[in-house]
Amino acid sequence: MKAKVHITLKPGVLDPQGKAIAHALAALGFGGIAEARQGKYIEIDLAEADRARAQAAVEAMCKQLLANTVIENYSIELAE
Amino acid sequence: MKAAVIVFPGSNCDRDVKVALDAATGRPTSMIWHKETELPALDLIVLPGGFSYGDYLRAGAIAARSPVMRAVVAKAQSGTAVLAICNGFQVATEAGLLPGTLMRNRNQKFVCKDVHLKVETSQTAFTARYAAGQVIRLPIAHADGNYFADPETLAEIEAEGRVAFRYVTPDGAPDDDANPNGSAANIAGVFNREKTVLGLMPHPERLTEPALGGIDGRAMFDSLVAALS
Amino acid sequence: MTAAAAIDFASHGLSREEYERLKATLGREPTLVEIGVIGALWSEHCSYKSSKKWLRRLPSQAPWVICGPGENAGVVDIGDGQAAVFKMESHNHPSFIEPYQGAATGVGGILRDVFTMGARPIANMNALRFGDPAHPRTRHLVAGVVAGIGGYGNCVGVPTVGGECGFDPGYNENILVNAMTVGLADAARIFYSAAAGIGNAVVYVGSKTGRDGIHGATMASAEFDEATEEKRPTVQVGDPFTEKLLIEACLELMASDAIVAIQDMGAAGLTSSVFEMAAKGEVGIDLDLDRVPTREPGMSAYEIMLSESQERMLMVLRPERADAAAAIFAKWDLDFAVIGEVTGSGHLVLRHKGETVADLPVAALSAETPEYDRPIRATPPQAPLDAASLAGGEPLDKSLLRLISAPELASKRWIWEQYDHMVMADTIQRPGGDAAVVRVHGSGKALAISVDCTPRYCAADPEMGGAQALAEVWRNLTATGAKPLAFTDCLNFGNPERPEIMGAFAAAIEGLRRAALALDFPVVSGNVSLYNETQGRGIPPTPEIGGIGLIADWRRMAIIAPELGHILVVVGETRGHLGQSLYLAKCLGRAEGPPPPVDLAAERRHGDFVRAEIAAGRLRSCHDLSDGGILVGVAEMCLAGRTGAKVRLPATEIPAMAAFGEDQGRYLAALDRAEVTGFLARAKAAEVPAAEIGKFDGSDLTLEGFFSISLDAIRTAHEGWFPGYMAAP
């Protein structure tokens, strides 16, 4: 089982890198960009075959290490 | 005072702070490898600067989950003093020893320079040899020193007098020009509720000798020796 | 073994003649792996085939030299059983293609060269040359290179204490990124690369091998063209965290007697490290490539041998110590694999998947390494500058502000504030002075380090330019009070197959040779970077020099900052040489005339005098004179000391000559009033010209009879250019 974890800054937390990206895109002539937010994407190969158990394990990984829940949200996608 | 410096893979200010501590205490400071699970009796634990685990994932995040940190947190909870400098501060917030977190500097760049700091309180083991309100000069060297906490946490820290140092101009004004990284309320260092844990981005160990350009960092180590010996 | 089917030797960097030579030495058709291995080894980058003839001319001996050129880095004795280990290396092409990773891995590579020798790295420096600031790519390259150097050095925890940064349209398509590392070692425990001990284990440590950087060495030996952009995947990615672990693990292992030989895997990766270890040790080595730790499945023998993955080392270990060594690397979470052994065969034998993929006679192929005596053509001499044509320039204060805010002289704070220049807590002269100074930890000694080159001098007269570059480094070190010990160089030039480029190279070497002999300042390490050329346009000749000097007692060193009330004395003769000066270029828009002559005997005399005054504790503030001449030098001292100055200049035909002339062999000394008479008398006795020309006082810089500008105006001009330039869209 493969877990795809997206980690993003919580809304409202200043994201200087996202701001720089939005600014750079505007400078390149891409109009109409309200906001860009930068995040992280992590792929994890799991030996676990059971979806529910995999989901629970990755949740725990996110809470304990992958995301800093003071400032970050995470979302998990499982794929066979 | 019995002091120990925790060494993570990628710590690189561990020797520097040991030199400063050895000079202040007159005895050798022990170095403790991150794979240790138990700590000896100590008066002070230092989490040093550097790039533990390359600051990969998030600055301090992986070190905060290393085996030794469970023991450090337990010691801190039972009242042992912890001094967390720069990367150590990042580790301490990730480990939940201190509130808030340290984000990428607002200009996105690593910055190494001397900054001016206002000492907010001298009523702690870390700052007794400074005067409250005193402006001191210490170096910073970090890419992720932008202190962030949600408004409630910030209000609580301020109300409880837990801001240790603020970035200020040479004459003591905490304005935006004096803020090198975008930190909320110009916060450079914070205490835990009991004021037994201090985390700060500036490096007191780098200015403890005239030859290095100043001695404003020395008073922190002298304060600790006086309070904890 | 299977001979290569279709022989496309050119794509492996071999010429037809070289391919035939390989075939003749082997007495058979080479295999694909053999062609790849030899193509990399015989590349310009690894073999120095165009430059070797000339490099041999440089003096590399002195009683204090422990190890000269030919090893991973040079080693000099600094007393008390300690040694300084240092080298400078280029990473030009990779940095142009991918500035962050190119510069970062340049720092990583030079660090490895130094700790491979058994030294703890204690300081990094760099010399950067970018194109015209107005060129559309320049800003992006500056930002990326600086971030990359900082990103690597900061993480590893070695202070980046200084360097230089220049701009010239000649580097528009070929920037220069030269990185230098200085390390500290026990003089009795230097580690070398010669493999020895038949049956000893050959051990691979560090990161795993991936497909990155394959053909880096051959890329660094070819001109850029439009297709080069396609070569992006060959750029390596640096992992400074692993490098930090590798430093600690290697130094821990070096404290024991386990290591027989050690070599880092730099350009051409495993190929060049294993071949060099075998060649130096005059032994054979068998490698089992299946045991090389790889990052990706299915890597071929060719890819494993030519990968330039970073943060890897090769060692020969005493077999009985192998387990203890493995434990150290396990402690630091680094790969450790026995991949082969030293043999008596004299052959490098590579096996992969049950097949022998290469069997190369090491000594024979070493002896056959091509060496070229390429045709040379001398650079035509420049006509002398017509002094009359210089009259009627703008007011001198305008020129001063123009110069001090020019990209060449403007404050580089924007750069060095991105480098941790204080970690290790021994930096006692931070960036911005003549030379950086770091203490030898726990001792009264310190090392001064400086890098320098003046490409516009070298372009006009490569021999004089070479001598000047070396003299300026020597002078920078001297100005702190250090005794210059030895130098390293990065010789950056264009295509050596063009006689005028090779002629400039040969002339620069001659200048370096003369200066090194006269100043007793030998070369101990370095590298040559040729083919810095795009579409037939080469860079200005740039023999970048990095020097180190020893300060016996750091409490007696000089800094550039004067104190209020200090008397200003100029040491050396001011003739007002403006040929190829920055004033001529920036204020009159002309690049003409010969560069300033370097009188090496006078240089030595003046420097020895200044150093003796500093060592005696009588001179505590001193600044060498170079770009921009006296007025720029005084302004820099005023900024450092936060004091104004009142200055009068010797009368010259045209005032700008005295103000901005770039005569060599000069220093500015700031002295207590009580010291001046004695200083001048001793100078006279030593046949060193010296004259009082002013005083540090007030908050304005005043040139008597000409102008008075506030220090704030000078500071604003000096500090403003770089951040303003980088902030522009």
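What's counted below: heavy atoms across the whole structure, side chains too, no hydrogens, waters or symmetry copies. Every chain is numbered from 1, with letters handed out A, B, ... down the list of sequences.
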Handout entry: For chain B, the option from C/V156, C/N154, C/D239 that forms the most heavy-atom pairs under 4.5 Å
Key = C/N154
Practice task
Tell me, out of C/P240, C/G157, C/C155, C/A425, who's got the most heavy-atom pairs with chain B below 4.5 Å.
Solution key: C/C155
Handout entry: Selection from C/V146, C/V423, C/T427 maximising heavy-atom pairs under 4.5 Å formed with chain B
Key = C/V423
Exercise for the section: Under 4.5 Å heavy-atom distance to chain C, tell me which part of B/S11 shows up: side chain, backbone, both or neither. Expected result: backbone
Exercise for the section: Could you tell me the separation between the CE atom of C/M422 and the NE2 atom of B/H203, rounded to the nearest 0.5 Å? Expected result: 8.5 Å
Practice task
Examine whether an atom of C/R439 lies under 4.5 Å from a heavy atom of chain B, and if so say whether it belongs to the side chain, the backbone or both; otherwise answer neither.
Solution key: side chain
Exercise for the section: Answer with side chain, backbone, both or neither: which region of C/R555 has an atom nearer than 4.5 Å to a non-hydrogen atom of chain B? Expected result: neither
Exercise for the section: Determine whether C/I428 and B/E209 make a side-chain contact, defined as any pair of heavy atoms from C-beta on separated by less than 4.5 Å. Expected result: no
Handout entry: Axial cation check for C/W416 ring with B/K113, 6.0 Å and 45° limits
Key = no
Fill in the blank from the handout: Heavy atoms of C/Y419 and B/F110 approach each other most closely as C-CE2, 4.2 Å
Exercise for the section: List the atom of B/K109, the atom of C/W414, and the distance in Å for their closest heavy-atom pair. Expected result: CE-CZ2, 3.3 Å
Handout entry: For B/A4, all residues meeting side chain to side chain contact (heavy atoms under 4.5 Å, CB included), sequence neighbours excluded
Key = B/S30, B/I32, B/L42
Problem - Residue, of C/E243, C/H441, C/Q429, that accumulates the most heavy atom pairs under 4.5 Å with chain B - result: C/H441
Exercise for the section: Apply side-chain contact (heavy atoms from CB on, under 4.5 Å) to the pair C/E248 and B/N12, showing each step before the final yes or no. Expected result: CA-CA 11 Å; C/E248 299 304 333; B/N12 63 31; over 6 Å; no
Exercise for the section: Determine, step by step, whether C/H421 and B/C112 satisfy the side-chain contact (heavy atoms from CB on, under 4.5 Å) criterion, reporting the C-alpha distance in whole Å, the side-chain angles of both residues, the deciding distance to 0.1 Å, and the verdict. Expected result: CA-CA 7 Å; C/H421 48 270; B/C112 177; 3.5 Å; yes
Problem - Short side-chain donor-acceptor distance under 3.5 Å, B/Y53 and C/D333 - result: no
